[in-house]
2 protein chains.
Amino acid sequence: MRQKTVEEYIEIIYALEIRDGRAATGKIASEMKIKPSSATEMLKKLQKEGLLQYETYAGATLTDCGKRLALELRSKHKAIADFLEIIGVDRRVAERDACQMEHHVGRETMEKLERFVQFAGLSSYEPLWVENFRRYCETGQPGECNLCTRLDSKKHASRTASALLRRRK
Amino acid sequence: MRQKTVEEYIEIIYALEIRDGRAATGKIASEMKIKPSSATEMLKKLQKEGLLQYETYAGATLTDCGKRLALELRSKHKAIADFLEIIGVDRRVAERDACQMEHHVGRETMEKLERFVQFAGLSSYEPLWVENFRRYCETGQPGECNLCTRLDSKKHASRTASALLRRRK
DNA sequence: CCCTGGTTTTAGGTTTGCCTAAAACTTCAA
DNA sequence: TTGAAGTTTTAGGCAAACCTAAAACCAGGG
């Protein structure tokens, strides 16, 4: 089974289990926009993988292992969606893209992303640079407040992001 | 054909075309880590889609349409990898993850991401907040420099990122 | 209790993207 | 010019994840 496929099922089953106590085949199918017969087939496979417990005609419930995966996916999803929203992506779009991205982001990247979201939420940092970024998005202008300028930097020396990155090596 | 599959082929063919003048079936196959026969099959499909010109035993060259897609993918890839590196992800990991993510990020999100990379490269903003973020990653401490603190903010009022986002609505 | 409507499963197909093995082609060196 | 080595294509298969249609199951109202 493709990992992405597995993960999508697990996320939906987790949500249904919380809402309804168990995940019914038909509900899973409609959430995934597939036919119930396809869901049945996948449930059997996921049971074989040890991710859920499946009883015919009774639906599925996640095992501890499945729940662990579900929670990990939740936190990935949240971090990505929050991050996107911070950089100004519309919440709906952020949600949609996060749904895809969460299946393709490695551990290290996730950690940095989570850090970033935390960092943006810290009151002592949040306002200025996030606001400046937003203004930059709208006007294309760097903005005029200089409190954030490094005191020892040569003024207005325009540097590219790659230059910035190279310098840090 | 799955969009991701198409895109991966186009990216590799584009790179080979630049390097060798044309994309040979065998080279495509080894880059994609598949067998040449599979590449042949896909080349026929991509030709039918109008993305490339394919002559048996002679290899493939992208059409204008294919080139346009290739360039779009390049810029997506670059923006994502640069962004990841800015937030502290190791270059190799950033490259690997960008390869996956580029197929799943929508237009609006891409625009914001590009903006963000530009913004981080602007000399008047780059140093402080990026550096503070890096320190935060390493120490977990907010850091002590207060030049970036909003002058009218209640000091040390700890806010979550979600609170920050809600406030902006 | 039973039977009818809705849900779920089973059985048998389809498509996509890959594979192996063998045939066809190309090239280059003798 | 020829044939051997390497490359490419063709032909025939396979697995994953979906589908349709029909059979099996379940639950509530008469």
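Keep in mind that this is a model prediction, so the values were computed, not measured. In what follows, chains are A, B, ... by sequence order, proteins preceding strands, each numbered from 1.
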Phosphate contact ([N] OP1 or OP2) by [X] side-chain N/O below 4.0 Å:
| X | N | result |
| --- | --- | --- |
| B/Y54 | D/dT9 | yes |
| B/T25 | D/dT9 | yes |
| A/K44 | C/dT10 | yes |

Exercise for the section: Would you mind listing every salt bridge (Lys or Arg N to Asp or Glu O under 4.0 Å) that reaches into residues 21-36 of chain B, with sequence neighbours excluded? Expected result: B/D20-B/K27
Exercise for the section: Flag yes if more than 12 heavy atoms outside B/R2 fall under 6.0 Å of its CZ atom; otherwise flag no. Expected result: yes
For nucleotides 16-20 of chain C, give me every protein contact, N/O to N/O, under 3.5 Å, one pair per line with atom names.
from	atom 1	to	atom 2	distance (Å)
C/dG17	OP1	B/R2	N	2.6
C/dC18	OP2	B/Y9	OH	3.1
C/dC18	N4	B/E41	OE1	2.9
C/dC18	N4	B/E41	OE2	3.4
C/dC19	OP2	B/K35	N	2.7
C/dC19	OP2	B/S38	OG	2.9
C/dT20	O4	B/S37	OG	2.9

Spacing of [X] atom [atom1] relative to [N] atom [atom2], expressed in whole Å:
| X | N | atom1 | atom2 | answer |
| --- | --- | --- | --- | --- |
| A/L46 | D/dA16 | CG | C1' | 13 Å |
| A/E7 | D/dA17 | CD | C1' | 16 Å |
| A/K4 | D/dA16 | NZ | P | 18 Å |

Which pairs would a plain distance check flag for residues 40-62 of chain A, meaning a side-chain donor or acceptor within less than 3.5 Å of a matching protein atom at least two apart in sequence or in another chain?
from	atom 1	to	atom 2	distance (Å)
A/T40	OG1	A/P36	O	3.2
A/Q47	OE1	A/Y54	N	2.9

Handout entry: Sugar-phosphate only, base, or nothing, as touched by A/A39 at under 4.0 Å among non-hydrogen atoms
Key = nothing
Problem - Heavy-atom donor-acceptor pair, A/E108 side chain to B/D90 backbone, under 3.5 Å - result: yes
Handout entry: Check ion pair A/E111-A/R115 (N to O, under 4.0 angstrom)
Key = no
Handout entry: Side-chain ion pair, B/D97 and B/R92, N-O less than 4.0 Å
Key = no
N/O to N/O distances under 3.5 Å, protein versus nucleotides 24-26 of chain C:
from	atom 1	to	atom 2	distance (Å)
C/dC25	O4'	B/Y57	OH	3.4

Exercise for the section: Not counting sequence neighbours, which residues clear side-chain hydrogen bond (donor to acceptor under 3.5 Å, both in side chains) with A/H103? List them please. Expected result: A/E7
Practice task
Can you sort out the partners of B/K76 under side chain to side chain contact (heavy atoms under 4.5 Å, CB included), two or more places apart, ordered by chain and number?
Solution key: B/E72, B/E102, B/M110
